[in-house]
Amino acid sequence: MPELPEVETIRAQLAPELRGAAVTDAWAFPSAKFTDAVLAVGGRFTDVRRRGKYLLADLDTGDGPAELVIHLGMTGRLSVGAPPRGGAHLRASWTLDDGRHLRFDDVRRFGRVAVVPRGEHGSLPTLAALGPEPFDEAFTAEHLRASVNASRRALKTQLLSQRVVAGVGNIYADEALWRAGIHPAARRLGPARAAALRDALVAVLSEAIAHGGTTLRDYRQVDGGEGRNQLRLECYGRHGLPCRRCGETLARTVIDARSTTYCRRCQRR
DNA sequence: CGGGGTTCCTGGCCGC
DNA sequence: TGCGGCCAGGAACCCC
C-alpha cells in the first residue's frame, strides 16, 4: 500500500526515465478511474513531482502546461520498458516516442489516473485539500496541534485524512504514533506531544524513504525491486508481539475502519 | 462544510 | 482439493 515513502521512491526512479519523453499513444482500461490516461497523448514529460501519495508528471502540451496525476491506490505499480503484452491487471499504458512504454498495473483498481491543467486539482478532492508536506517547513508542531485540535475525531483518523499532513497511511500512522508514545484514539494534543508527533512523523517517513519503502505484499519500485523498510517496522502488523519499548503485548483495534496496532502501556491518551 | 457511512475491487488465507 | 467467507484499505462519493 504505497504511502509517501513508497511514492517518493517511485518518483525518484521515474523522473529520469520520463524527462524529455513525449507520449505518442496511450491505452486505458475501460473504467472512469483510468480513461483520462489517453489525454496525455501529445504531451512531453518535463519532470515528475509528488504531493502526498499523488505522483504529478508534468507535461508540456500544445494547450499549455498540464500534469498526469497518478494515485497508486492499494496495489498500483508503475514500470518502464518494453510494450506491455497484456497482463491481467494492466490499467493504463503510455507509448513514448523513443519506443519505450510506461505501464500502470493495479490488481484491485483502487488507483486513479487524471490529466489536468497544471496545478488544477479540483477534480481530485483529496489532492485539492491536501495538508502540508511533512518535510515542508510549514509542517510545524503548532500547525499539527492546531489542526488536530480543530476537530474532535480520533488522532489516527485525522492523520489518515491527508488534511493535517500529506502522505500518511495506515503503516506510518501506526509507526509514528507508537514512536511518539501517543494513543491512536487520542483527541487532543498539547504542545509537547504535538512536537513529539511531528518529529516522529518526519523521522519515520524519512527513514522509510532512505530504505526504499515498505514492501509487505504488492508494493514494488519502478525496477521491480522490493523496499527494505518492512524489516524495520516497530509497530504496524506486530499485534500480539511484545512492544519493543516496554515489553507489553501490542494490541489491535479498529479505528475508522482501519486495523490499528498500538501499545496499551506506553501509548497514552 | 464537517463528518459519517458506503462503495469500489480481487488475491490470499482460513476453516471445514 | 475445493470452496464459501472474510480480510486488507485510500479516497471518491452521497447524504445529513
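Every chain is numbered from 1 and lettered A, B, ... according to where its sequence line falls, protein lines coming before strand lines. Quantities reported herein were computed from a predicted structural model and do not represent experimental measurements.
Residue A:Y219 contributes atom OH, which lies 18 Å from atom C1' of C:dG9 at whole-angstrom precision. When rounded to the nearest whole Å, the span between CZ of A:R187 and P of B:dG3 equals 11 Å. Rounded to whole Å, the distance from CG on A:L4 to C1' on C:dA11 is 16 Å. Between the CG atom of A:L130 and the P atom of C:dG10 there is a distance of 14 Å, given to the nearest Å. Counting to the nearest Å, the P atom of B:dG3 and the CZ atom of A:R152 are 9 Å from each other. Between the P atom of C:dA8 and the CG atom of A:L72 lies a distance of 22 Å, rounded to the nearest Å. We find that OH of A:Y54 is positioned 12 Å from P of C:dG10, with the value rounded to whole Å. Rounded to whole Å, the distance from CD on A:Q158 to C1' on C:dG10 is 17 Å.
For the OP1/OP2 pair of B:dG2 and a distance below 4.0 Å, the side-chain nitrogens and oxygens of A:R163 include at least one atom meeting the criterion. Within the structure, every side-chain polar atom (N or O) of A:H71 is placed at least 4.0 Å from both OP1 and OP2 of C:dG10. Taking only side-chain nitrogens and oxygens, A:Q162 comes nearer than 4.0 Å to OP1 or OP2 of C:dA11. Applying the 4.0 Å criterion to OP1 and OP2 of C:dG10, one finds that A:Y172 has every side-chain N and O outside that range.
Annotation: of the two residues near DNA chain C, A:L160 and A:R252, the 5′-most nearest-nucleotide partner is A:R252.
Of the possible polar contacts, none joining the A:R153 side chain to the A:Q158 backbone as a donor-acceptor pair under 3.5 Å is found. Side-chain atoms of A:R49 never come within 3.5 Å of backbone atoms of A:A57 as a donor-acceptor pair (strictly under, hydrogens ignored).
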B/S/- along nucleotides 4-13 of chain B (protein heavy atoms under 4.0 Å) is S---BBBSS-
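Looking at A:T24 and A:D97, their side chains never bring a donor and an acceptor atom within 3.5 Å of each other.
Each of A:E8, A:E6, A:E3 was evaluated against A:R50; a single residue qualifies, A:E8, per the salt bridge (charged side-chain N to carboxylate O under 4.0 Å, His left out) test.
In this structure, A:R91 is positioned above the aromatic face of A:F29, its NZ or CZ under 6.0 Å from the six-membered ring centre and within 45° of the axis. With a 6.0 Å cutoff to the six-membered ring centre and a 45° limit on the axis angle, A:R245 counts as a cation-pi contact of A:W178.
Heavy atoms of A:T75 sit nowhere under 4.0 angstrom from any nucleic acid atom.
A 6.0 Å sphere centred on CZ of A:R100 holds more than 12 heavy atoms belonging to other residues, nucleotides or ligands.
Of all non-hydrogen atoms in A:P242 and A:L250, the two that sit nearest each other are C-CG, 4.4 Å.
Terminal axes of the helix from B:dG2-C:dC16 to B:dC16-C:dG2 (five pairs each, C1' rotation axis) are separated by 30°, to the nearest 10°.
Ion pairing between A:R11 and A:D47 fails under the 4.0 Å rule for side-chain N and carboxylate O.
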